[in-house]
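To start, the structure itself, in structure tokens.
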Amino acid sequence: MEIKETNEPKESLNFIEEIIEEDIRNGKHGGRVHTRFPPEPNGYLHVGHTKAIYINFELAKKYGGLTNLRFDDTNPVTEETEYVDAIKRDIRWLGYDWGDREYYASDYFGKLYEFAVELVKKGLAYVDDSTKEEIEQMKGSPTQPGELSPYASRSVEENLDLLERMRKGEFEEGVRVLRARVDMESPNMHMRDPILYRIKYAHHHRTGDAWCIYPMYDFAHGQSDSIEEITHSLCSLEFRHHRPLYDWFIEKLEIFPSRQIEFARMNVAYMITSKRRLLLLVREGLVSGWDDPRMPTLSGMRRRGYPPAALRTFIDKAGVAKRDNVIEYELLESCVRDELNRTASRVMAVLQPIKVLITNYPEGQVEMMEVENNPEDASKGMRKMPFSRELYIERDDFMENPQGKYFRLAPGQDVRLKAAYIIRCEEVIKDAAGEVSELRCTYYPNSRSGSDTSGLKVKGTIHWVSAPQALEVEVRLYDRLFTDPTPDAYEDRDFKEFVNPEALTVIPKAYVEPALIDVKPQDHFQFLRVGYFSVDDDSLPGKLVFNRTVTLKDAWAKEQQKGV
RNA sequence: AGACCCAUGGUGUAAUGGCAGCACUCCGGAUUUUGGUUCCGUCAGUCAAGGUUCGAGUCCUUGUGGGUCUACCA
């Protein structure tokens, strides 16, 4: 593929793109680019995986290549079909398609076994009868060279025979392994005669009981890349030390030379990506499940209401490099807001209601007010919302003793009801507990939005809903799951100590305008002046549930904090 | 401890020996029938010390700091 030359300012490339473009210039693999996303089906996909998915699919797309989906399913003990399905669903939701190229490392078990036989024949692999402890012992340490196994000198014939019998199930689990003969003195621990096959009498989610020996990661991953003729095998930094071995197999087996390139995983502040810890949160009921909107899983973020396009932008802006990083939560929120600002319809919803009675508005009268659906996008058109004598406004939008730059409703003050009239607060009604229970207001009949001849100038505009027509809904306010940006970074403290008790606040009864009657799960809205919300999967007809995806930026809250 | 990797504003990422830029955050201002959006502006950075060079964020050396590796997990 030709790289397009343009006169535009030079696009800056990340280090992986540099390598790819260099390869293309050199005509490597005929300029072909083929990547893969290789999840292990033993857990749900999370933010961290999002980066790997994005990089693999986007890079291939950029250079006219393809991306395979390959499940690295070489450990039947931990892997399940349930995860395979969830992973596929999540990748599709993110916006990527692998066509018919859905592969499994287990598809290659036969081929991998042949590779193993070939290594044995070349004198490059042997069956080791040592115990797990002995192998560990002989492996040495980073500063101590390892020592050669007494079984390393077995003849090719004996090794062939033993390997065959391992495969046939003649030995008990754990008594023998197949090892590559590499270098027990290498400073790289992975080169010290790594284990290739182990015996496991476990049922595999795809191959059933056809095998009782299973290849290790190092003997399956690279060769799978090679079998699929993957040109650029992208993985995270911790696999750096595996690369010499990856290359060793390619050289000894004389197979397709895929190239492994490592990049730094993405960490996001206030999130964790340890599968084990995520599982703990689910098991211990700290969240409602893998798709709890507080979870950093793809399914959780979907349910939270993050648009896939926002996630892609987020990954893109976070960038790709090799240094450790913690991406600020604010960048994620910024990307989500940016996307939703352009796409989400505006509606009015009152979360903490306070009743307003317009005393000079005719009883029983209902006017339909025109409101734009999205001021950022005129093509979204207008809708009508009912206005009547009895309304709800947000409790925060009234202050009995306003101070500072508060310009919402207050006794004797005017405020604009968005898309409707200007009203004045005449009287404050309180209940027995002294809480404000109702506001008596008057409206200016000639101040109607669009035909305002009142000449009045107000400082504030607030949202509202008409009480008789309002829909009662449940609203779930979500916030970050942890109170610390790196909850799992402390050696002396358990990450669960940092679970944010305010990450979920349920409002059982909030009011929304009647236009929302027909919404469906995953629909996104901006509750005017409040935040972005999406319809939760738990919603039923007549019992809608909205999840707060992200708040709107709130300059007023910031202002108030300064005063404290 | 050894090997390997990494080091640029608060955060993330560019600059490929030649003017240290962009985004997010923060702060200030303009606009606004969303205290949203948009627009403008401010603050703020090359880990340290040597060396090579006309010229170093970039190359070399040493140091410092951080990360990774010592599973019959991936």
Side-chain angles (χ1 to χ4, degrees), chain A residues 10 12-14 18 38-40 42 72-75 77-79 105 128 131-132 135-136 139-146 173-179 186-190 192 195-200 213-214 216-218 220-221 235-244 262 264 266 269 275 314 316-335 337-338 341-342 346 348 371-372 375-376 405-408 415-420 422 449-450 452 458-463 485 526-532 551-560:
Chain A
K10 248 186 301 174
S12 83
L13 304 175
N14 65 47
E18 300 273 4
E40 184 191 10
N42 72 343
D72 243 336
D73 55 351
T74 57
N75 185 358
V77 178
T78 55
E79 297 153 4
D128 195 328
T131 64
K132 185 175 176 165
I135 289 177
E136 190 184 318
K139 200 146 198 179
S141 74
T143 44
Q144 290 285 222
E173 209 166 293
V175 302
R176 283 183 230 268
V177 291
L178 181 73
R179 291 229 260 171
S186 171
N188 181 342
M189 301 297 288
H190 297 280
R192 322 246 264 223
I195 292 171
L196 270 29
Y197 271 98
R198 76 285 212 189
I199 300 171
K200 265 186 201 292
I213 58 172
Y214 291 95
M216 297 289 290
Y217 167 84
D218 282 311
H221 191 96
C235 61
S236 50
L237 246 31
E238 63 264 37
F239 292 99
R240 171 65 185 86
H241 301 291
H242 295 251
R243 196 167 78 209
E262 311 87 13
M266 179 179 66
K275 280 184 190 173
F314 171 60
D316 189 63
K317 289 193 173 184
V320 180
K322 294 179 78 166
R323 69 185 97 138
D324 294 329
N325 60 83
V326 180
I327 312 295
E328 287 178 331
Y329 198 83
E330 287 79 359
L331 181 62
L332 209 208
E333 293 194 322
S334 162
C335 294
R337 287 190 185 113
D338 187 58
N341 178 50
R342 286 199 309 272
R346 273 60 169 172
M348 294 199 216
V371 205
E372 72 270 13
E376 304 295 314
K405 291 177 238 167
Y406 188 86
F407 41 81
R408 278 115 90 151
V415 78
R416 158 78 65 186
L417 294 175
K418 169 73 180 177
I422 294 172
S449 237
D452 184 353
V458 291
K459 280 185 291 183
T461 299
I462 65 174
H463 61 278
Q526 182 193 115
F527 286 180
L528 211 70
R529 302 205 310 128
V530 177
Y532 293 100
T551 60
L552 249 30
K553 282 211 279 187
D554 191 347
W556 170 241
K558 207 170 262 182
E559 186 74 25
Q560 281 177 303

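- Counting only heavy atoms from C-beta on, A:E136 has its side chain closest to B:A71 among B:A1, B:C73, B:A71.
- Here the nucleotide nearest the side chain of A:S334, chosen from B:G2, B:G66, B:U25, is B:U25.
- A donor N or O paired with an acceptor N or O is found under 3.5 Å between the base of B:G10 and the side-chain atoms of A:E328.
- Backbone-only engagement by A:K200 is indicated by non-hydrogen atom pairs under 4.0 Å involving sugar-phosphate atoms exclusively.
- What separates CD of A:E376 from P of B:C39 is a distance of 10 Å, to the nearest Å.
- Residues A:E173 and A:I199 come closest through the heavy atom pair CG-O, 2.9 Å.
- Between A:Y217 and A:H242, the ring center distance clears the sub-6.0 Å criterion.
- The base of B:U68 lies close enough to the side chain of A:H241 for a donor and an acceptor atom to sit less than 3.5 Å apart.
- Under 4.0 angstrom from either OP1 or OP2 of B:C72 there lies no side-chain N or O belonging to A:R176.
- The residue among A:G319 and A:D338 whose nearest nucleotide of RNA chain B lies closer to the 5′ end is A:G319.
- When each of B:C72, B:G36, B:G2 is scored by its nearest atom to the side-chain atoms of A:T143, the top-ranked nucleotide is B:G2.
- Separating the CG atom of A:L331 from the P atom of B:G10 is a distance of 17 Å, rounded to the nearest angstrom.
- Nucleic acid contact for A:Y406: base, since at least one base atom lies under 4.0 Å from a heavy atom of the residue.
- Remark: P of B:C72 and OH of A:Y214 are 18 Å apart, rounded to the nearest angstrom.
- With distances taken from any side-chain atom of A:L552 to the nucleotides B:U33, B:G36, B:G2, the minimum falls on B:G36.
- Applying the 3.5 Å distance criterion, the base of B:A74 shares a donor-acceptor pair with the side chain of A:H242.
- In this structure, A:R179 and A:I195 approach most closely via the heavy-atom pair CD-CG1, 3.9 Å.
- You won't find any donor-acceptor pair under 3.5 Å spanning the side chain of A:R346 and the base of B:U37, going by distance alone.
- Computed from coordinates, the A:Y217 OH to B:A71 C1' distance equals 14 Å when rounded to whole Å.
- Remark: the A:R337 side chain and the B:U37 base include no donor-acceptor N/O pair separated by less than 3.5 Å.
- In summary, A:R342 and A:D338 engage in a salt bridge, as defined by a charged side-chain N under 4.0 Å from a carboxylate O.
- Taking only side-chain atoms of A:D324, from C-beta outward, the nucleotide of B:A14, B:G67, B:U34 with the closest atom is B:G67.
- At a cut-off of 3.5 angstrom, counting only N and O atoms as typed in the model, there is a donor on one side and an acceptor on the other between the side-chain of A:R416 and the base of B:U33.
- Among the protein residues, A:L528 comes within range of the nucleic acid bases, having at least one heavy atom under 4.0 Å from a base atom.
- Scanning all heavy atoms of the two residues, the minimum distance from A:H463 to A:L528 falls at ND1-O, 3.4 Å.
- Scanning atom types as modelled, one donor and one acceptor separated by under 3.5 angstrom connect the side chain of A:Q526 and the base of B:U34.
- Closest of all the heavy-atom pairs between A:A264 and A:R323 is CB-O, 3.3 Å.
- Comparing atom distances between the A:T74 side chain and each of B:A74, B:A3, B:C4 picks out B:A74 as nearest.
- In this structure, A:K132 reaches the bases: a heavy-atom distance under 4.0 Å links it to at least one base atom across the strands shown.
- Taking atom CG on A:N325 and atom C1' on B:G10, their separation rounds to 15 Å, with Å as the unit.
- Of the candidate nucleotides B:A74, B:U70, B:A3, B:U70 has the atom lying nearest to any side-chain atom of A:M189.
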